[in-house]
Each structure stands twice: as C-alpha cells, then as structure tokens.
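I have a structure I would like to understand better, so I am pasting it below and will then ask my questions one at a time.
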Amino acid sequence: MSAMASLTALGASTADGVSLGVQAVEAGGIPGAGRVLPTRTELAAVLPWPGLRRGSTVAVHGSVSLLFALMSEATANGSWAAVVGLPGISLVAAAEAGVELARLAVVPRPGGDPVGVIAALLDGVDLVAVGGTRQVADSDARRLSARARNRGSVLLPFGAWVGAEVQLRCVGADWRGLGQGHGYLRERAVTVRAGGRGAASRPRSCRLLLPARDGAIGVPADEPGENTRPQLRPVAG
C-alpha cells in the first residue's frame, strides 16, 4: 500500500484533527490551548507535560497496554490515531483500554515503504503508533520525528527510537488474581518509568494497573509503603 493510499483509506476529515494542531503550533499558541492532547490522569506523573504535547515523539517500550492507555483519552475526545506495523495487536484490548475504534486506523503491514506510510499518516492524524522500529534507520527516525514536530502530530514508536523526547518503560510487573492454586489473572500492576531529554530529563515513575480488571488503566489501591515491605535479613547457614 502506498503512503497516499494509506492516508486516503482513512476516509476522515482532518477538520478537527492535525490541521488545527498545526495552526496552533505555527502560531506559537499557549500551552494547553490546542497544543496538548489529553491523556489519562493516571499518566500525569510520568509525562513532562499535562498531556501529549503536539509535535513530540514518545517511545513506549514493552507494553502494548501502556501504548493503548496513551491513546485512549485523545481518541475519546475526538482525535484520530493510527497504528502502523503492529499486526498482532488486539482491537478488543484497545477498546477495553478506552481507545475509540471509530477513530483508529490500523495498517498492520505497511509494505515496502513503511517510512512513506508513516510520513503520510503524520500529515493526517493526531497520533501515530509505530511498530517494527528496528527496521527504521536512525536517519529516517530523525526525519519522521521532525515531520511530527512540523505537522503538530504525536509520534508513538513502540520500541527504541532515535530522537524521542520521552522514553516510557514498564518494569516490576505483578499479575494478580490467582489464589492458592485457583482463580484467573485479573490485573497487572507495573511500575512505569520515564526518562528522556529536555523537559523529560528528570526521571519519573509511578505504579499503575496495566491492565486493571476492566481492561483499562488504574491505580493500585493496596500497594504497601516502603516501610511495610518485608526486608531480607542475613541468616546463618
């Protein structure tokens, strides 16, 4: 599929999408007035802005649930999104996470010109998530980040990406729901760690449920404090 065909296949007007964001960026608009796409409040602790800043590149490592969580609030509030090069994603899981599927374009296999497809989508939708990042040359990654910056869209690589302002990782996963040999996995508690450059250079972290019992994002209610956690003690032996 060519880049232009991918964009045309969306069949959606950009009247309330990237075109308005570009005007705000070019006009040097004020923060929060068309320059930041909304995100779930649970993610506020790890982002350097009060949402996803238009023109930014935010790399997500190792958690599709976190990727969906970043996209959910924006699509629910009228923004368009696209996922490129992630053929195994579950649309059911995306919907449970709050992603508005009616505003989501999926290009599982972008063909022989993935960079062209990504570039075309950055021209037409607000958020573009990209898989297969190892197949994108560093020079192309920099050009795509520059394109997102110029168009006022948000680039969300799923994996390593040269030039990303923010790097988000999930560590310390703890699945819950199983009892003493019975039960079902219900939710996963993780620590989301953020780093990067510029406004994101200060390390940040928070503990989240990805996913929670309803498939969305949540905050653990029973996380023990540091002083209540069992401590390892040396024993003779």
Side-chain angles (χ1 to χ4, degrees), residues 1-14 16-19 21-22 37 39 52-76 78-170:
M1 179 182 289
S2 68
M4 289 307 297
S6 299
L7 185 57
T8 303
L10 292 175
S13 168
T14 58
D16 61 347
V18 171
S19 57
V22 172
L37 297 176
T39 54
L52 289 170
R53 181 174 59 81
R54 287 187 178 273
S56 64
T57 299
V58 179
V60 179
H61 298 264
S63 174
V64 175
S65 295
L66 179 56
L67 184 66
F68 289 156
L70 286 169
M71 302 169 67
S72 62
E73 195 73 6
T75 58
S79 294
W80 289 84
V83 177
V84 183
L86 285 172
I89 66 166
S90 167
L91 295 182
V92 173
E96 289 178 344
V99 177
E100 179 53 64
L101 297 186
R103 297 190 182 91
L104 178 68
V106 180
V107 186
R109 295 176 178 83
D113 184 21
V115 173
V117 172
I118 297 165
L121 289 167
L122 288 170
D123 289 349
V125 296
D126 298 280
L127 305 103
V128 180
V130 177
T133 57
R134 293 184 179 181
Q135 301 174 12
V136 178
D138 289 351
S139 57
D140 289 331
R142 291 188 180 94
R143 282 194 288 269
L144 289 170
S145 289
R147 194 179 191 94
R149 188 162 54 250
N150 293 335
R151 297 298 191 269
S153 50
V154 177
L155 183 60
L156 298 171
F158 187 65
W161 193 269
V162 173
E165 289 101 322
V166 181
Q167 307 275 351
L168 298 178
R169 290 178 170 83
C170 289

*asked:* How long is the straight-line distance from OG of Ser56 back to CZ of Arg149, given to the nearest 0.5 Å?
replied: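 Nearest 0.5 Å value for the CZ-OG distance: 10.0 Å.
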_Side-chain donor or acceptor of Glu165 paired with backbone N/O of Thr57 under 3.5 Å_ = yes
*Applying salt bridge (charged side-chain N to carboxylate O under 4.0 Å, His left out) between Asp126 and each of Arg53, Arg54, Arg151, report the one that passes.*
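In the set Arg53, Arg54, Arg151, the residue that makes a salt bridge (charged side-chain N to carboxylate O under 4.0 Å, His left out) with Asp126 is Arg54.
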*Between Pro157 and Val58, what is the shortest heavy-atom contact and its length?*
CD-O, 3.2 Å
*What closest approach, in Å, do Ala81 and Val125 show between heavy atoms, and which atom pair accounts for it?*
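Smallest interatomic distance, heavy atoms only, reads N-CB, 4.4 Å.
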_Within the 4.5 Å heavy-atom criterion, are Leu127 and Ser79 side-chain neighbours or not?_
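Touching, per the 4.5 Å side-chain cut-off.
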*Testing Val117, Leu156, Asp123, Leu121 for side chain to side chain contact (heavy atoms under 4.5 Å, CB included) with Val128, which one passes?*
Leu121
*Would you say Val83 and Phe158 make side-chain contact, with heavy atoms under 4.5 Å?*
no
*Work out which heavy atom in Ala59 is nearest to a heavy atom in Gly159; give both atom names and the distance.*
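Ala59 and Gly159 have their closest heavy atoms at CB-O, 3.7 Å.
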_Could you measure the distance from the CD atom of Glu73 to the CG atom of Leu52? Nearest 0.5 Å is fine._
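If I round to the nearest 0.5 Å, the distance is 10.5 Å.
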*Can you check whether Val130 reaches Leu144 side chain to side chain, under 4.5 Å on heavy atoms?*
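No. Closest side-chain heavy atoms not under 4.5 Å.
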_Quick one, Leu66 and Arg169 - any side-chain contact, counting heavy atoms below 4.5 Å?_
no
*Where is the tightest heavy-atom contact between Val162 and Ser145, given as atom of each residue plus distance?*
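For Val162 versus Ser145, the nearest heavy atoms are O-OG, 4.2 Å.
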*Mind listing the closest non-hydrogen atom pair of Thr75 and Val99 along with its distance?*
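Scanning both residues completely, I find the closest heavy atoms to be OG1-CA, 3.6 Å.
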*Check Val115 against Asp140 and note the closest heavy-atom contact, atom names and distance.*
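Closest pair (atom of Val115, atom of Asp140, distance): CG2-OD2, 3.8 Å.
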